[in-house]
Amino acid sequence: MNVLVINCGSSSLKYQLINSDTEDVLAKGLCERIGIDGRLVYQKAGCDKEITEAAMPTHKEAIQMVLDALVNDKTGAIKSLSEVNAVGHRIVHGGEKFASSVVITDEVLEAVAQCNDLAPLHNPANLIGINACKELMPGVPMVAVFDTAFHQTMPEKAYLYGLPYEYYENYKVRRYGFHGTSHSFVSKETARFLGMDLENSKIIVCHLGNGASISAVKDGKCVDTSMGLTPLEGLVMGTRSGDIDPAIMEYIAKKEDLDIAGVMNVLNKKSGLEGISGLSSDFRDLTAGAKEGNKRAIAAIEVFCYRVAKYVGSYVAAMNGVDAIAFTAGIGENVGLVREKVCSYLGYLGITLDAEANAKSGDDCVISAADSKVKVAVIPTNEELAICRETVALV
Ligand code: AMP
(Lines give C-alpha, C1' and ligand atoms only; values in the text may rest on other atoms or scores of the structure.)
Protein backbone atom coordinates (compact mmCIF):
# COMPACT_ATOMS: atom_id res chain seq x y z
CA MET A 1 0.00 0.00 0.00
CA ASN A 2 1.01 3.66 -0.40
CA VAL A 3 1.27 5.81 2.71
CA LEU A 4 1.45 9.59 2.65
CA VAL A 5 3.51 10.77 5.62
CA ILE A 6 2.80 14.35 6.70
CA ASN A 7 4.80 16.43 9.16
CA CYS A 8 3.21 19.86 9.66
CA GLY A 9 5.08 22.75 11.26
CA SER A 10 3.59 26.16 11.96
CA SER A 11 4.52 27.54 8.52
CA SER A 12 5.88 24.46 6.77
CA LEU A 13 4.89 20.95 5.85
CA LYS A 14 7.15 18.02 4.95
CA TYR A 15 5.75 15.02 3.09
CA GLN A 16 6.78 11.66 1.68
CA LEU A 17 4.76 9.15 -0.29
CA ILE A 18 6.08 5.68 0.59
CA ASN A 19 5.25 2.30 -0.88
CA SER A 20 5.04 0.29 2.33
CA ASP A 21 5.60 -3.07 0.61
CA THR A 22 8.99 -2.12 -0.83
CA GLU A 23 9.58 0.79 1.60
CA ASP A 24 10.60 2.86 -1.43
CA VAL A 25 9.99 6.61 -1.33
CA LEU A 26 7.89 7.40 -4.42
CA ALA A 27 7.99 11.18 -3.96
CA LYS A 28 8.93 13.66 -1.26
CA GLY A 29 9.29 17.35 -0.58
CA LEU A 30 8.06 20.25 1.48
CA CYS A 31 5.86 23.32 1.48
CA GLU A 32 7.47 26.39 2.98
CA ARG A 33 6.29 29.85 3.91
CA ILE A 34 2.67 28.77 4.38
CA GLY A 35 0.60 31.83 5.27
CA ILE A 36 3.38 34.12 4.00
CA ASP A 37 3.72 33.58 0.25
CA GLY A 38 4.23 29.88 -0.45
CA ARG A 39 6.77 27.56 -2.05
CA LEU A 40 6.35 23.89 -2.98
CA VAL A 41 9.35 21.61 -3.36
CA TYR A 42 8.44 18.31 -5.04
CA GLN A 43 10.72 15.47 -6.02
CA LYS A 44 9.63 12.25 -7.65
CA ALA A 45 11.99 9.33 -7.02
CA GLY A 46 14.87 9.39 -9.50
CA CYS A 47 13.98 12.89 -10.79
CA ASP A 48 15.21 16.39 -10.10
CA LYS A 49 13.55 18.66 -7.55
CA GLU A 50 10.78 20.91 -8.89
CA ILE A 51 10.16 24.21 -7.15
CA THR A 52 6.87 26.06 -7.54
CA GLU A 53 6.13 29.44 -5.99
CA ALA A 54 2.40 29.77 -5.34
CA ALA A 55 0.09 31.28 -2.76
CA MET A 56 -0.56 29.00 0.23
CA PRO A 57 -2.66 31.02 2.65
CA THR A 58 -3.25 27.95 4.86
CA HIS A 59 -2.12 24.32 5.24
CA LYS A 60 -5.20 23.27 3.25
CA GLU A 61 -3.92 24.94 0.04
CA ALA A 62 -0.45 23.54 0.76
CA ILE A 63 -1.76 19.96 1.03
CA GLN A 64 -3.91 20.49 -2.07
CA MET A 65 -0.75 21.49 -3.98
CA VAL A 66 1.08 18.40 -2.71
CA LEU A 67 -1.80 16.16 -3.85
CA ASP A 68 -1.93 17.89 -7.26
CA ALA A 69 1.81 17.37 -7.67
CA LEU A 70 1.53 13.69 -6.71
CA VAL A 71 -1.05 13.03 -9.48
CA ASN A 72 0.37 15.45 -12.07
CA ASP A 73 0.17 13.98 -15.62
CA LYS A 74 3.87 14.41 -16.36
CA THR A 75 5.76 14.21 -13.06
CA GLY A 76 3.24 12.63 -10.68
CA ALA A 77 4.27 9.56 -8.69
CA ILE A 78 0.74 8.07 -8.88
CA LYS A 79 -2.16 8.25 -11.35
CA SER A 80 -4.95 9.10 -8.96
CA LEU A 81 -5.50 9.88 -5.28
CA SER A 82 -7.19 6.50 -4.86
CA GLU A 83 -3.62 5.16 -4.80
CA VAL A 84 -3.02 6.90 -1.45
CA ASN A 85 -4.21 4.17 0.92
CA ALA A 86 -3.46 5.83 4.26
CA VAL A 87 -1.98 8.98 5.78
CA GLY A 88 0.44 9.00 8.74
CA HIS A 89 0.67 12.27 10.66
CA ARG A 90 3.53 13.22 12.95
CA ILE A 91 2.13 14.82 16.11
CA VAL A 92 4.54 16.52 18.47
CA HIS A 93 2.83 16.20 21.87
CA GLY A 94 0.56 13.41 23.03
CA GLY A 95 0.91 14.27 26.73
CA GLU A 96 0.08 11.31 28.97
CA LYS A 97 -2.89 10.42 26.78
CA PHE A 98 -0.98 8.57 24.08
CA ALA A 99 1.59 5.87 24.75
CA SER A 100 1.42 4.58 21.18
CA SER A 101 0.22 5.56 17.71
CA VAL A 102 -3.54 5.57 17.09
CA VAL A 103 -6.01 5.64 14.20
CA ILE A 104 -7.38 9.18 14.05
CA THR A 105 -11.01 9.59 15.16
CA ASP A 106 -12.93 12.62 16.41
CA GLU A 107 -12.11 11.57 20.00
CA VAL A 108 -8.39 11.43 19.14
CA LEU A 109 -8.54 14.92 17.63
CA GLU A 110 -10.20 16.18 20.80
CA ALA A 111 -7.51 14.55 22.97
CA VAL A 112 -4.70 15.99 20.81
CA ALA A 113 -6.27 19.46 21.10
CA GLN A 114 -6.22 19.04 24.90
CA CYS A 115 -2.41 18.74 24.64
CA ASN A 116 -2.12 22.06 22.75
CA ASP A 117 -1.05 23.90 25.90
CA LEU A 118 1.98 21.61 26.17
CA ALA A 119 3.13 22.34 22.59
CA PRO A 120 1.48 25.60 21.57
CA LEU A 121 3.56 26.08 18.43
CA HIS A 122 3.33 22.54 17.10
CA ASN A 123 0.13 20.70 18.06
CA PRO A 124 -2.27 23.28 16.55
CA ALA A 125 -0.32 23.09 13.25
CA ASN A 126 -0.47 19.27 13.36
CA LEU A 127 -4.26 19.45 13.85
CA ILE A 128 -4.67 21.87 10.94
CA GLY A 129 -2.80 19.38 8.74
CA ILE A 130 -5.04 16.49 9.81
CA ASN A 131 -8.23 18.48 9.22
CA ALA A 132 -7.01 19.60 5.79
CA CYS A 133 -6.28 15.96 4.83
CA LYS A 134 -9.70 14.87 6.13
CA GLU A 135 -11.35 17.43 3.89
CA LEU A 136 -9.27 16.71 0.80
CA MET A 137 -9.11 12.91 1.14
CA PRO A 138 -12.38 11.90 2.82
CA GLY A 139 -12.53 8.25 3.85
CA VAL A 140 -8.76 7.64 3.69
CA PRO A 141 -7.65 6.17 7.06
CA MET A 142 -5.25 8.35 9.02
CA VAL A 143 -2.91 7.57 11.89
CA ALA A 144 -1.36 9.87 14.50
CA VAL A 145 2.24 9.07 15.47
CA PHE A 146 3.43 10.99 18.54
CA ASP A 147 6.94 12.29 19.27
CA THR A 148 6.30 11.71 22.96
CA ALA A 149 4.68 8.24 22.88
CA PHE A 150 7.83 6.08 23.01
CA HIS A 151 8.93 7.80 26.22
CA GLN A 152 5.69 7.09 28.10
CA THR A 153 7.30 3.95 29.58
CA MET A 154 9.64 6.14 31.67
CA PRO A 155 9.19 5.41 35.39
CA GLU A 156 7.90 8.09 37.74
CA LYS A 157 11.39 8.62 39.22
CA ALA A 158 12.60 9.64 35.73
CA TYR A 159 9.69 11.83 34.73
CA LEU A 160 8.89 13.76 37.92
CA TYR A 161 10.63 17.10 38.44
CA GLY A 162 11.69 18.26 41.88
CA LEU A 163 8.76 20.68 41.93
CA PRO A 164 5.53 20.85 43.96
CA TYR A 165 3.61 17.67 43.07
CA GLU A 166 0.48 19.77 42.50
CA TYR A 167 2.09 21.18 39.33
CA TYR A 168 2.17 17.65 37.95
CA GLU A 169 -1.39 16.91 39.10
CA ASN A 170 -2.92 20.21 38.03
CA TYR A 171 -0.85 21.26 35.03
CA LYS A 172 0.79 18.00 33.88
CA VAL A 173 4.26 19.45 34.47
CA ARG A 174 6.56 16.43 34.04
CA ARG A 175 9.22 15.17 31.69
CA TYR A 176 7.79 13.82 28.41
CA GLY A 177 10.72 13.60 25.98
CA PHE A 178 10.65 14.09 22.20
CA HIS A 179 12.15 12.52 19.04
CA GLY A 180 10.37 9.36 20.24
CA THR A 181 9.78 8.04 16.72
CA SER A 182 13.51 8.26 16.05
CA HIS A 183 14.55 6.74 19.40
CA SER A 184 12.12 3.87 18.87
CA PHE A 185 13.23 3.24 15.27
CA VAL A 186 16.95 3.49 16.01
CA SER A 187 16.89 1.33 19.16
CA LYS A 188 15.06 -1.44 17.27
CA GLU A 189 17.35 -1.10 14.26
CA THR A 190 20.44 -1.18 16.53
CA ALA A 191 19.34 -4.46 18.10
CA ARG A 192 18.51 -5.94 14.69
CA PHE A 193 21.75 -4.78 13.08
CA LEU A 194 23.94 -5.96 15.96
CA GLY A 195 22.08 -9.27 16.30
CA MET A 196 20.98 -8.49 19.86
CA ASP A 197 17.78 -9.61 21.58
CA LEU A 198 15.89 -6.31 21.95
CA GLU A 199 13.85 -7.71 24.85
CA ASN A 200 17.04 -8.33 26.78
CA SER A 201 19.22 -5.33 25.93
CA LYS A 202 20.51 -2.00 27.21
CA ILE A 203 20.86 0.54 24.41
CA ILE A 204 21.68 4.26 24.52
CA VAL A 205 20.51 6.22 21.48
CA CYS A 206 22.21 9.57 20.80
CA HIS A 207 19.98 11.52 18.38
CA LEU A 208 22.30 14.41 17.55
CA GLY A 209 20.79 16.81 15.05
CA ASN A 210 19.89 20.47 15.18
CA GLY A 211 17.58 19.35 17.97
CA ALA A 212 19.35 16.71 20.03
CA SER A 213 18.32 14.18 22.65
CA ILE A 214 19.52 10.95 24.22
CA SER A 215 17.49 8.01 25.47
CA ALA A 216 18.15 4.98 27.64
CA VAL A 217 16.28 1.99 26.20
CA LYS A 218 16.15 -1.13 28.39
CA ASP A 219 14.59 -4.31 26.99
CA GLY A 220 13.10 -2.26 24.14
CA LYS A 221 11.44 0.29 26.44
CA CYS A 222 12.51 3.86 27.14
CA VAL A 223 13.50 4.31 30.80
CA ASP A 224 14.88 7.85 30.52
CA THR A 225 15.43 10.60 27.96
CA SER A 226 17.07 13.99 28.01
CA MET A 227 14.29 16.30 26.77
CA GLY A 228 11.61 17.27 29.27
CA LEU A 229 8.29 19.10 29.39
CA THR A 230 9.54 20.77 26.22
CA PRO A 231 12.46 20.07 23.87
CA LEU A 232 14.54 22.73 25.64
CA GLU A 233 15.91 20.41 28.33
CA GLY A 234 18.99 18.23 28.05
CA LEU A 235 21.79 18.47 25.53
CA VAL A 236 23.30 21.64 24.12
CA MET A 237 21.61 21.94 20.70
CA GLY A 238 21.84 24.07 17.56
CA THR A 239 20.20 27.11 19.13
CA ARG A 240 18.73 25.66 22.37
CA SER A 241 20.63 25.91 25.65
CA GLY A 242 19.70 22.50 27.06
CA ASP A 243 20.11 22.16 30.85
CA ILE A 244 20.96 25.36 32.69
CA ASP A 245 20.65 26.62 36.24
CA PRO A 246 17.05 27.96 36.23
CA ALA A 247 18.18 30.94 38.32
CA ILE A 248 20.03 32.21 35.23
CA MET A 249 16.66 33.20 33.80
CA GLU A 250 15.97 35.83 36.47
CA TYR A 251 19.59 37.01 36.45
CA ILE A 252 19.64 37.54 32.66
CA ALA A 253 16.14 39.04 32.64
CA LYS A 254 17.39 41.77 35.00
CA LYS A 255 20.71 42.33 33.26
CA GLU A 256 19.23 42.45 29.75
CA ASP A 257 15.86 43.95 30.71
CA LEU A 258 13.93 41.03 29.23
CA ASP A 259 10.51 39.61 30.08
CA ILE A 260 9.82 35.85 30.25
CA ALA A 261 9.10 35.65 26.51
CA GLY A 262 12.38 37.44 25.81
CA VAL A 263 14.37 35.06 28.00
CA MET A 264 12.65 32.03 26.45
CA ASN A 265 13.48 33.36 23.02
CA VAL A 266 17.16 33.55 23.99
CA LEU A 267 17.15 30.02 25.45
CA ASN A 268 15.38 28.50 22.45
CA LYS A 269 16.75 30.49 19.53
CA LYS A 270 19.97 32.24 20.48
CA SER A 271 21.79 29.77 22.69
CA GLY A 272 23.39 26.37 22.18
CA LEU A 273 26.08 25.98 19.53
CA GLU A 274 25.11 29.28 17.94
CA GLY A 275 25.18 31.18 21.21
CA ILE A 276 28.51 29.79 22.35
CA SER A 277 30.26 30.07 18.98
CA GLY A 278 28.69 33.34 17.82
CA LEU A 279 29.22 31.78 14.41
CA SER A 280 26.46 29.35 13.49
CA SER A 281 24.11 26.62 14.73
CA ASP A 282 25.28 24.40 11.87
CA PHE A 283 27.92 21.87 12.78
CA ARG A 284 29.60 22.12 9.38
CA ASP A 285 30.31 25.81 10.01
CA LEU A 286 31.65 25.01 13.47
CA THR A 287 34.08 22.36 12.27
CA ALA A 288 35.27 24.74 9.54
CA GLY A 289 35.67 27.51 12.14
CA ALA A 290 37.49 25.19 14.54
CA LYS A 291 39.93 24.22 11.79
CA GLU A 292 40.76 27.90 11.36
CA GLY A 293 41.39 28.18 15.10
CA ASN A 294 38.16 30.00 16.03
CA LYS A 295 38.23 29.65 19.86
CA ARG A 296 34.48 29.95 20.37
CA ALA A 297 33.76 27.36 17.67
CA ILE A 298 36.19 25.01 19.42
CA ALA A 299 34.50 25.72 22.77
CA ALA A 300 31.03 25.02 21.29
CA ILE A 301 32.16 21.63 19.96
CA GLU A 302 33.81 20.72 23.27
CA VAL A 303 30.76 21.73 25.34
CA PHE A 304 28.46 19.80 22.99
CA CYS A 305 30.49 16.57 23.17
CA TYR A 306 31.10 16.81 26.93
CA ARG A 307 27.36 17.17 27.59
CA VAL A 308 26.60 14.14 25.40
CA ALA A 309 29.22 12.06 27.24
CA LYS A 310 27.84 13.11 30.65
CA TYR A 311 24.33 12.02 29.64
CA VAL A 312 25.64 8.70 28.30
CA GLY A 313 27.35 8.13 31.67
CA SER A 314 24.17 8.92 33.58
CA TYR A 315 22.18 6.48 31.43
CA VAL A 316 24.71 3.73 32.02
CA ALA A 317 23.91 4.33 35.71
CA ALA A 318 20.15 4.41 35.03
CA MET A 319 20.31 0.98 33.34
CA ASN A 320 23.16 -0.41 35.45
CA GLY A 321 25.12 -1.09 32.27
CA VAL A 322 24.98 -0.69 28.51
CA ASP A 323 25.34 -3.16 25.63
CA ALA A 324 25.31 -0.74 22.70
CA ILE A 325 25.47 2.98 21.94
CA ALA A 326 23.95 4.25 18.69
CA PHE A 327 24.66 7.60 17.04
CA THR A 328 22.04 9.04 14.70
CA ALA A 329 20.67 12.22 13.01
CA GLY A 330 22.63 14.90 11.11
CA ILE A 331 25.57 15.24 13.50
CA GLY A 332 25.47 11.70 14.91
CA GLU A 333 25.51 10.16 11.45
CA ASN A 334 27.99 12.48 9.77
CA VAL A 335 30.49 13.89 12.22
CA GLY A 336 33.13 11.33 13.18
CA LEU A 337 34.90 13.94 15.31
CA VAL A 338 31.88 14.15 17.65
CA ARG A 339 31.62 10.35 17.97
CA GLU A 340 35.35 10.16 18.68
CA LYS A 341 35.26 12.93 21.29
CA VAL A 342 32.20 11.49 23.04
CA CYS A 343 33.69 7.98 23.14
CA SER A 344 37.01 9.33 24.43
CA TYR A 345 35.20 10.02 27.75
CA LEU A 346 33.90 6.45 27.88
CA GLY A 347 37.12 4.47 28.14
CA TYR A 348 36.09 3.41 31.67
CA LEU A 349 33.35 1.33 30.03
CA GLY A 350 35.95 -0.52 27.98
CA ILE A 351 34.90 1.31 24.81
CA THR A 352 37.47 1.53 22.03
CA LEU A 353 36.77 2.90 18.56
CA ASP A 354 37.89 1.61 15.17
CA ALA A 355 39.26 4.89 13.78
CA GLU A 356 38.91 3.82 10.16
CA ALA A 357 35.29 2.72 10.55
CA ASN A 358 34.51 5.91 12.48
CA ALA A 359 35.90 8.07 9.69
CA LYS A 360 33.26 6.77 7.25
CA SER A 361 29.62 7.81 7.13
CA GLY A 362 26.67 6.21 5.44
CA ASP A 363 24.56 3.17 6.20
CA ASP A 364 24.34 1.21 9.44
CA CYS A 365 27.87 0.47 10.61
CA VAL A 366 29.78 -0.62 13.70
CA ILE A 367 32.47 1.88 14.71
CA SER A 368 33.75 0.22 17.89
CA ALA A 369 36.89 -1.93 17.71
CA ALA A 370 36.57 -5.71 17.85
CA ASP A 371 37.78 -5.77 21.49
CA SER A 372 35.45 -2.97 22.67
CA LYS A 373 33.33 -4.08 25.67
CA VAL A 374 30.35 -2.06 24.39
CA LYS A 375 29.32 -2.00 20.74
CA VAL A 376 29.14 1.49 19.24
CA ALA A 377 27.28 1.95 15.95
CA VAL A 378 26.08 4.59 13.50
CA ILE A 379 22.42 3.90 12.72
CA PRO A 380 20.78 6.42 10.35
CA THR A 381 17.34 7.44 11.56
CA ASN A 382 14.32 7.49 9.26
CA GLU A 383 11.35 9.05 11.00
CA GLU A 384 9.17 9.03 7.87
CA LEU A 385 9.67 5.30 7.36
CA ALA A 386 8.94 4.72 11.05
CA ILE A 387 5.67 6.69 10.70
CA CYS A 388 4.83 4.71 7.56
CA ARG A 389 5.38 1.39 9.38
CA GLU A 390 3.27 2.50 12.37
CA THR A 391 0.50 3.59 9.99
CA VAL A 392 0.48 0.29 8.12
CA ALA A 393 0.42 -1.66 11.39
CA LEU A 394 -2.73 0.18 12.48
CA VAL A 395 -4.75 0.34 9.27
P1 AMP B 1 19.30 17.27 11.55
O2 AMP B 1 18.54 18.15 12.50
O3 AMP B 1 19.24 15.79 11.95
O4 AMP B 1 18.95 17.49 10.12
O5 AMP B 1 20.86 17.65 11.70
C6 AMP B 1 21.32 18.94 11.39
C7 AMP B 1 22.75 19.08 11.89
O8 AMP B 1 23.56 18.04 11.30
C9 AMP B 1 23.41 20.39 11.50
O10 AMP B 1 24.22 20.85 12.57
C11 AMP B 1 24.30 20.01 10.34
O12 AMP B 1 25.42 20.82 10.24
C13 AMP B 1 24.71 18.61 10.70
N14 AMP B 1 25.08 17.86 9.51
C15 AMP B 1 24.25 17.32 8.59
N16 AMP B 1 24.96 16.73 7.59
C17 AMP B 1 26.27 16.90 7.89
C18 AMP B 1 27.51 16.52 7.28
N19 AMP B 1 27.52 15.83 6.14
N20 AMP B 1 28.65 16.88 7.89
C21 AMP B 1 28.63 17.58 9.04
N22 AMP B 1 27.51 17.96 9.68
C23 AMP B 1 26.34 17.63 9.12
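Both ligands and their constituent atoms are indexed starting at 1 by order of listing.
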Below 3.5 Å, can you tabulate the donor-acceptor pairs from side chains in residues 106-118 to any protein atom, sequence neighbours excluded?
unit_1, atom_1, unit_2, atom_2, d
D106, OD1, K134, NZ, 3.3
E107, OE1, T105, OG1, 3.3
Q114, OE1, K97, NZ, 2.9

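Applying the 4.0 Å criterion to heavy atoms of G209 picks out, from ligand 1, the atoms 1 (P), 2 (O), 3 (O), 5 (O). For ligand 1, the atoms closer than 4.0 angstrom to any heavy atom of I331 are 7 (C), 8 (O), 10 (O), 13 (C).
If you check which protein heavy atom lies closest to atom 9 (C) of ligand 1, you get F283 N, 4.0 Å. Protein heavy atom at the shortest distance from atom 12 (O) of ligand 1 is D282 OD1, 2.4 Å. Protein heavy atom at the shortest distance from atom 16 (N) of ligand 1 is N334 ND2, 3.3 Å. Protein heavy atom at the shortest distance from atom 6 (C) of ligand 1 is N210 N, 3.6 Å.
Heavy atoms of other residues, nucleotides or ligands lying less than 6.0 angstrom from CG of D363 number 12 at most.
Of all the listed residues (E333, H179, E383, R284), R284 holds the heavy atom that lies closest to atom 11 (C) of ligand 1. In the candidate list S182, G330, G336, G330 is nearest to atom 15 (C) of ligand 1, counting heavy atoms.
Salt-bridge check for E302 with K341: passed, with a basic side-chain N closer than 4.0 Å to an acidic carboxylate O.
At a heavy-atom distance under 4.0 Å, only side-chain atoms of V335, from C-beta outward, approach ligand 1.
The side chain to side chain donor-acceptor pair (under 3.5 Å) pairs that include a residue from residues 248-261 are E250-K254, where partners are two or more places apart or lie in different chains.
With S215 as the partner, the side chain to side chain donor-acceptor pair (under 3.5 Å) test is satisfied by one option alone out of H207, H151, H183: H183.
Residues Y167 and Y161 keep their aromatic ring centres 6.0 Å or farther apart.
At distances below 3.5 Å, at least one donor-acceptor pair connects side-chain atoms of Y315 with backbone N or O atoms of S226.
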